[in-house]
Amino acid sequence: ASVHCVLCMNPHCLRALIFQMAGTERHDREMAIQAKRNLSKTTDPVERLRLKCLARGSAGIKGLGRAFRILDDDNSRTLDFNEFVKGLNDYAMMIDKEEAQEIFRAFDKDGSGTIDFDEFLVTLRPPMSSARKEIIMQVFRKLDKTGDGVITIEDLKGVYNAKHHPKYQNGEWTEDQVFKAFLDSFDSPYDKDGKVTTEEFMNYYAGVSASIDTDVYFIVMMKNAWKL
């Protein structure tokens, strides 16, 4: 299937941002297939959870983070074991209790009975070089026009012109709908709030990064897609 960008920066090229969505559908599809294949080869519980997330595509790890954050009513950024299991279940991550306990123990190093889920998600991300992390943050800073650490519709209005999008031109979408569709591409399918945090952006691109072998290709892809 052909891949179309949701939001085009360039009125002369409606496909200039193919890679901004998921590194291309092909990368996402190949990554999911590879993750499912590797699942049968590993017995490490943390690696198995990582692969299960990647099997859902680039937004898999970010979506799990969103499920955990919803459970964090007191903003403590920590989860006890019951909350951890509930988060996995809410995200339809089928893991038996024994394996969940192994994962939890791996992160509860001080035996306090709670884990820091920011640290958990950082560790769950596929490893990325500092060069990849820096280019991702360059893109985030470009989009975060207000500099408040969250990308919103208002930020995007200051960076791009939605009137070049074909669905705006044919009257199907308003400008805000164009921008909302763009932000939704980075969100968990279970909870789209029209905002993208630094953490969500990094988690998303950690998924894209997992499908790309070399730093050089990843950096070139990002620079081309975002006109850096």
Side-chain angles (χ1 to χ4, degrees), residues 22-72 76-137 186-191 197-215 217-218:
T24 75
E25 287 179 356
R26 180 174 56 81
H27 276 123
D28 238 25
R29 192 162 55 244
E30 288 175 358
M31 179 182 63
I33 292 169
Q34 184 178 354
K36 288 172 185 174
R37 188 181 300 129
N38 289 339
L39 258 174
S40 63
K41 300 175 185 176
T42 183
T43 57
D44 178 78
V46 175
E47 178 64 13
R48 284 179 58 78
L49 180 57
R50 176 187 292 131
L51 291 170
K52 284 182 179 183
C53 287
L54 292 178
R56 296 188 177 204
S58 300
I61 290 173
K62 188 182 62 58
L64 181 58
R66 177 66 63 81
F68 284 158
R69 191 161 56 252
I70 290 168
L71 292 172
D72 185 27
S76 66
R77 312 297 286 179
T78 62
L79 297 170
D80 62 25
F81 180 69
N82 289 334
E83 290 171 324
F84 178 69
V85 171
K86 186 174 189 318
L88 293 175
N89 289 338
D90 287 351
Y91 195 53
M93 196 63 66
M94 296 299 106
I95 292 175
D96 63 44
K97 189 173 181 180
E98 185 177 324
E99 191 169 5
Q101 285 173 329
E102 281 189 71
I103 296 168
F104 192 85
R105 278 195 298 269
F107 288 91
D108 182 19
K109 294 183 175 65
D110 59 1
S112 65
T114 62
I115 60 172
D116 179 313
F117 73 73
D118 290 321
E119 181 184 329
F120 170 76
L121 290 169
V122 168
T123 305
L124 194 61
R125 288 176 194 152
M128 286 192 294
S129 67
S130 57
R132 293 194 190 206
K133 292 176 184 175
E134 175 54 31
I135 196 73
I136 293 168
M137 286 311 301
F186 293 93
D187 254 346
S188 163
Y190 304 105
D191 182 32
T197 64
T198 309
E199 169 199 280
E200 288 177 327
F201 202 71
M202 189 66 77
N203 285 339
Y204 175 87
Y205 271 111
V208 175
S209 172
S211 70
I212 296 171
D213 292 334
T214 69
D215 284 1
Y217 182 76
F218 182 80

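All of these numbers come straight from a predicted model, not from anything done at the bench. In this chain, numbering begins with 1 at the start of the sequence shown.
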Keeping the roles fixed (side chain from [X], backbone from [Y]), state whether a donor-acceptor pair exists under 3.5 Å.
X: R50; Y: T123; answer: yes
X: R48; Y: L39; answer: yes
X: N203; Y: I61; answer: no
X: D108; Y: G113; answer: yes
X: R132; Y: F218; answer: no
X: K52; Y: M94; answer: yes

Starting at [atom1] of [X], measure out to [atom2] of [Y] and round the result to the nearest 0.5 Å.
X: D116; Y: S76; atom1: CG; atom2: OG; value: 9.0 Å
X: M137; Y: F201; atom1: CE; atom2: CZ; value: 8.5 Å
X: L121; Y: R125; atom1: CG; atom2: CZ; value: 7.5 Å

* Within a strict 4.5 Å, meaning less than it, do heavy atoms of the E47 and L51 side chains meet? -> yes
* Tell me, do N38 and L54 make a side-chain contact under 4.5 Å, heavy atoms counted? ->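 No, every pair of side-chain atoms sits at 4.5 Å or beyond.
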At their closest point, which heavy atom of [X] faces which heavy atom of [Y], and how far apart are they?
X: G60; Y: Y91; result: O-OH, 2.9 Å
X: R37; Y: S40; result: O-OG, 2.9 Å
X: L71; Y: D90; result: CD2-OD2, 4.0 Å
X: T78; Y: E83; result: O-OE1, 4.0 Å
X: Y205; Y: M128; result: O-SD, 4.2 Å
X: A35; Y: A55; result: CB-N, 3.7 Å

* **Verdict with reasoning, L49 to M93, per side chain to side chain contact (heavy atoms under 4.5 Å, CB included)** => CA-CA 8 Å; L49 180 57; M93 196 63 66; 3.6 Å; yes
* To do: Identify, with sequence neighbours excluded, every residue that meets ring pair (Phe, Tyr, Trp, His ring centres under 6.0 Å) alongside F84.
  => F68, F104, F120
* Salt-bridge criterion met for R105 and E102 (N-O under 4.0 Å) -> no
* Asked: Is it true that the side chains of S112 and D110 contain a donor and an acceptor less than 3.5 Å apart?
  ->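 Looking only at side-chain atoms, D110 and S112 do form a donor-acceptor pair, the distance falling under 3.5 Å.
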